[in-house]
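Both backbone and side-chain heavy atoms feed into the values below; hydrogens, waters and symmetry mates do not. The chain is numbered in sequence order, starting from 1.
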Amino acid sequence: MDGKVVEYEDGFTVRPLSKEYEEATRDALVDVWIRENRLYSGLGVTKEEFWEYGSILFDRAKLEPWTAYIAVENATGKVVSFMFGCDLHADQIPESRYDALPAKVRTAIAFNDMAMKIFQQSPLFTHLQHPGLVWYGLHAGTVAGYEGRGDVTLSTRCGMAMVMNDIVPRGYVAVVGCATHETTVERAFLRAASPGGNHLVVGTAYFKDFEENGEFPLKAITSPPFAAVSLSILPPYFQKFASRL
């Protein structure tokens, strides 16, 4: 992907994925995803198992025009926050690589896919169900010890950088995501209630209700008990689409 490198006065730098710091980024990615995503921690996915999925995301971010990766590193070059994103309607994982993933990882992906259908099948958003319109924010997270520094969190910086580097230039008009961590679920509802109205909680997907092969593998996840599917209409396009929601 192409993108701008942005340096902040407080010592943090936002940059797109590059081979120069791919190994350091991998370690941060695995640690944060396992810690913050209730699906993976609740299923007991190991770091090694998760990286089988994470390596696919890396490969896609480097090769595919509909995928992007943004990271924040501190003054010493340590990667402390990141975000993946892609076209919601793109073929995100080749079938051969998906089938080779550990069963617990496939379960987590299947739940996310089910949650996204809440948005994709809603009659309120049929006008957005086309490639090139909705960007899927796969993950945003921050390494422990760096949350909330400054007026803008590092995760927010990732999102802002991705909007400016990838989402707006490519013509996308909205961003959708599935929040699973306690703080991100809470943030989704707070943003939806804030003035302006361009953030919406489309729906909730309860972990206990997710069925796979006659079993309920996520029933033990109770904090929070559900994931929140949130949608943000980008400000330049909000007025155009608001009347159709």
Side-chain angles (χ1 to χ4, degrees), residues 1-41 47 50-51 53-54 57-58 60-62 67-86 112 135-169 172 174-192 194 196 198-199 201 224 227-228 230-232 234-235:
M1 59 163 282
D2 296 324
K4 297 178 180 179
V5 175
V6 181
E7 297 181 357
Y8 290 90
E9 292 182 355
D10 57 4
F12 292 100
T13 301
V14 178
R15 68 174 79 240
L17 179 66
S18 66
K19 292 189 69 64
E20 286 74 21
Y21 69 95
E22 188 171 316
E23 185 174 346
T25 305
R26 165 186 167 168
D27 294 339
L29 167 71
V30 173
D31 287 343
V32 173
W33 208 310
I34 292 295
R35 175 171 57 88
E36 293 205 2
N37 193 305
R38 300 300 297 170
L39 283 174
Y40 293 91
S41 61
K47 293 182 179 181
F50 174 76
W51 181 244
Y53 175 43
L57 299 181
F58 262 51
R60 305 306 260 179
K62 289 183 290 185
T67 303
Y69 178 94
I70 293 287
V72 177
E73 56 187 47
N74 67 3
T76 65
K78 177 182 175 65
V79 176
V80 295
S81 189
F82 50 83
M83 175 179 284
F84 278 101
C86 63
N112 270 314
W135 190 259
Y136 180 28
L138 279 175
H139 176 73
T142 303
V143 171
Y146 290 93
E147 299 93 337
R149 292 196 173 189
D151 295 332
V152 180
T153 66
L154 300 185
S155 292
T156 300
R157 286 183 183 176
C158 280
M160 293 167 62
M162 187 167 283
V163 167
M164 298 306 296
N165 279 353
D166 298 286
I167 300 175
V168 170
Y172 290 89
V175 181
V176 68
C178 181
T180 60
H181 192 259
E182 291 173 270
T183 56
T184 54
V185 169
E186 180 182 6
R187 192 178 304 129
F189 282 96
L190 288 174
R191 292 177 70 193
S194 65
N198 63 314
H199 302 290
V201 173
S230 60
L231 175 72
S232 297
L234 299 180

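The aromatic rings of W33 and F84 lie tilted to each other, with the angle between the two planes from 30° to 60°.
Residues L154 and V72 share a closest heavy-atom pair of O-CG2, 4.0 Å. Heavy-atom minimum distance, A174 versus L234: N-CG, 4.2 Å. Minimum heavy-atom separation, I34 to S41: O-CB, 3.4 Å. Contact between L138 and Y53 at its shortest, heavy atoms only, is CD2-OH, 4.4 Å. The two residues F58 and L29 come nearest to each other via the heavy atoms CE1-CD2, 3.5 Å. The two residues N74 and T76 have their closest heavy-atom pair at OD1-OG1, 2.9 Å.
The structure places CG of N165 at 11.5 Å from CE of M160, a figure rounded to the nearest 0.5 Å. Between the CZ atom of R15 and the CD atom of E7 there is a distance of 7.0 Å, given to the nearest 0.5 Å. For the atom pair CZ of R157 and CE of M83, the computed distance is 14.0 Å after rounding to the nearest 0.5 Å. Taking CZ of F50 as the start and CZ of R26 as the end, the distance is 10.5 Å to the nearest 0.5 Å. Atom CD1 of I167 and atom OG of S232 lie 9.5 Å apart (nearest 0.5 Å). Note that OG1 of T184 and CZ of R191 are 11.0 Å apart. Values are rounded to the nearest 0.5 Å.
More than 12 heavy-atom neighbours from other residues, nucleotides or ligands sit within 6.0 angstrom of CD on E182.
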Worksheet item: Under the side-chain contact (heavy atoms from CB on, under 4.5 Å) criterion, do V6 and M164 qualify, and how do the steps go?
Response: CA-CA 11 Å; V6 181; M164 298 306 296; over 6 Å; no
Worksheet item: Hey, mind stepping through V14 and Y8 against side-chain contact (heavy atoms from CB on, under 4.5 Å) and telling me if it holds?
Response: CA-CA 8 Å; V14 178; Y8 290 90; 3.6 Å; yes
